[in-house]
Chemist: 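Provided herewith is a single structure, encoded as structure tokens, for subsequent inquiry.
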Amino acid sequence: MRLYRTKDYDDMSRKAANVISAQVIMKPDCVLGLATGSSPIGTYKQLIDWYNKGDLDFSRVKSVNLDEYKGLPRDNEQSYYYFMYNNLFKHVNINLDNTNVPNGMEPDSDKECGRYEKVIADLGGVDLQLLGMGHNGHIGFNEPDDVFAKTTHCVDLAESTIEANKRFFASADDVPRQAYSMGIQTIMRARKILLIVSGEDKAETLHKALCGPVTPHVPASILQFHNDVVVVADEAALSKMPK
Ligand code: GLP
């Protein structure tokens, strides 16, 4: 595991975008695993900036997103497809046919989760998976549990996640209770993983994830077992780490 300590959120975003651009430059038809949330917004902005300067070409890039709320259509402003379209896809030359987000409108969970795993397998797996981390250590929507979820599955969201995500909805009651998410095994199969974490409110969980026991109660701790992980975190997020 390689750890990059950055000054602040912007610095983290630039460093993370550097890792992603290196991937796209080295393998122009790579498969990027993408994430939503506030953590990657700055990273996407930086990538868009470099694209506009002519330094990046997404024309052959393929993407798979980690997760999607169950029950939200793509044009719902809170759906993760909508997020991806507005924060990245529409600003760069990625072919929308090459982008994949779980279909939140498929009511049959087994069908959708099976389909999504096949999409990833047919693409030949993920070259670089970008991850944020929830306050409780969740990655994708893999919430703390007694076991690690394996492949793409339907998740019942933790109360704390509903609380954390309600800021984007009219009220907590409007936050969907379920989501489709890649499983821990799906994430761990990515050839390279880039975890970005910012803010003091995540410092304690990040310390547990990187230095504590590997446990499904802190889902991000599984990353200690992956052999190619880059963590880019700002000073605030690293404030609980030994100096
Ligand atoms: C959501 C997403 C995760 C994300 C997490 C953290 O629940 N499903 O993929 O990493 O929130 O979000 P943020 O970056 O806004 O703190």
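Counting starts at 1 for both ligands and their atoms, following the listed order.
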Chemist: For atom 7 (O) of ligand 1, which of Tyr69, Phe83, Phe168, Phe141 has the closest heavy atom?
Modeler: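 That would be Phe141.
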
Chemist: Can you report which non-hydrogen protein atom sits closest to atom 14 (O) of ligand 1, along with the distance?
Modeler: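 Of the protein heavy atoms, Ser39 OG, 2.5 Å lies nearest.
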
Chemist: How about Tyr69 and Phe141: are their ring centres within less than 6.0 Å of each other?
Modeler: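 Here the rings of Phe141 and Tyr69 have centres that are less than 6.0 Å from each other.
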
Chemist: Which atoms of ligand 1 are found less than 4.0 Å from any heavy atom of Arg167?
Modeler: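 Contacts of ligand 1 toward Arg167, numbered from 1: 15 (O).
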
Chemist: Out of curiosity, is Ala35 lining ligand 1, as in a heavy atom under 4.0 Å away?
Modeler: no

Chemist: Ignoring hydrogens and geometry beyond distance, is a side-chain donor-acceptor pair present between Thr6 and Asp234 at under 3.5 Å?
Modeler: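 Their side chains do not contain a donor-acceptor pair, so the 3.5 Å distance test is not met.
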
Chemist: Does Lys111 come within less than 4.0 Å of Glu106, counting only side-chain N to carboxylate O?
Modeler: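 Judged by the 4.0 Å cut-off on N to carboxylate O distance, Lys111 and Glu106 do form a salt bridge.
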
Chemist: Would you tell me which option among Glu68, Lys202, His138 has the nearest heavy-atom contact to atom 5 (C) of ligand 1?
Modeler: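 Nearest option to atom 5 (C) of ligand 1, by heavy atoms: His138.
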
Chemist: Can you tell me the protein heavy atom closest to atom 2 (C) of ligand 1 and the distance?
Modeler: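 Of every protein heavy atom, Tyr80 OH, 3.7 Å lies nearest to atom 2 (C) of ligand 1.
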
Chemist: What protein heavy atom lies closest to atom 8 (N) of ligand 1? Include the residue and the distance to one decimal.
Modeler: Asp67 OD2, 2.8 Å

Chemist: Tell me the contacting part of Asn165 for ligand 1: side chain, backbone, both, or neither, using a 4.0 Å heavy-atom threshold, strictly below.
Modeler: side chain

Chemist: Under a single-linkage definition using a 4.5 Å side-chain heavy-atom cutoff for Ile, Leu, Val, Met, Phe, Trp and Tyr, are Tyr116 and Leu66 assigned to the same hydrophobic cluster?
Modeler: yes

Chemist: Do me a favour and list the nearest non-hydrogen protein atom to atom 10 (O) of ligand 1 with residue, atom name and distance?
Modeler: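 Going by distance alone, atom 10 (O) of ligand 1 is nearest to Gly132 C, 3.2 Å.
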
Chemist: Do Asp49 and Lys53 sit within salt-bridge range, that is, some charged N less than 4.0 Å from a carboxylate O?
Modeler: yes

Chemist: Hey, is Asp228 close enough to Arg2 for a salt bridge, meaning N to O under 4.0 Å?
Modeler: yes

Chemist: Please write down residue, atom name and distance for the protein heavy atom closest to atom 3 (C) of ligand 1.
Modeler: Gly140 O, 3.4 Å

Chemist: Taking only heavy atoms of Met133 into account, list the atoms of ligand 1 that are under 4.0 Å away from them.
Modeler: 6 (C), 10 (O)

Chemist: So, Glu117 and Lys150, do they make that salt bridge, N to O below 4.0 Å?
Modeler: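 The answer is no: the pair does not qualify as a salt bridge.
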
Chemist: What is the closest protein heavy atom to atom 4 (C) of ligand 1, and at what distance does it sit?
Modeler: Thr36 O, 3.9 Å

Chemist: Between His217 (side chain only) and Gly137 (backbone N and O only), is there a donor and an acceptor less than 3.5 Å apart?
Modeler: no

Chemist: Decide whether a cation-pi geometry holds between Lys70 and Tyr180; the criteria are a distance under 6.0 Å from NZ or CZ to the six-membered ring centre and an angle within 45° of the ring axis.
Modeler: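 So Lys70 doesn't make the cation-pi contact.
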
Chemist: Using a 4.0 Å cut-off to any heavy atom of Gly37, which atoms of ligand 1 qualify?
Modeler: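 Heavy-atom distances to Gly37 below 4.0 Å select 14 (O), 15 (O).
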
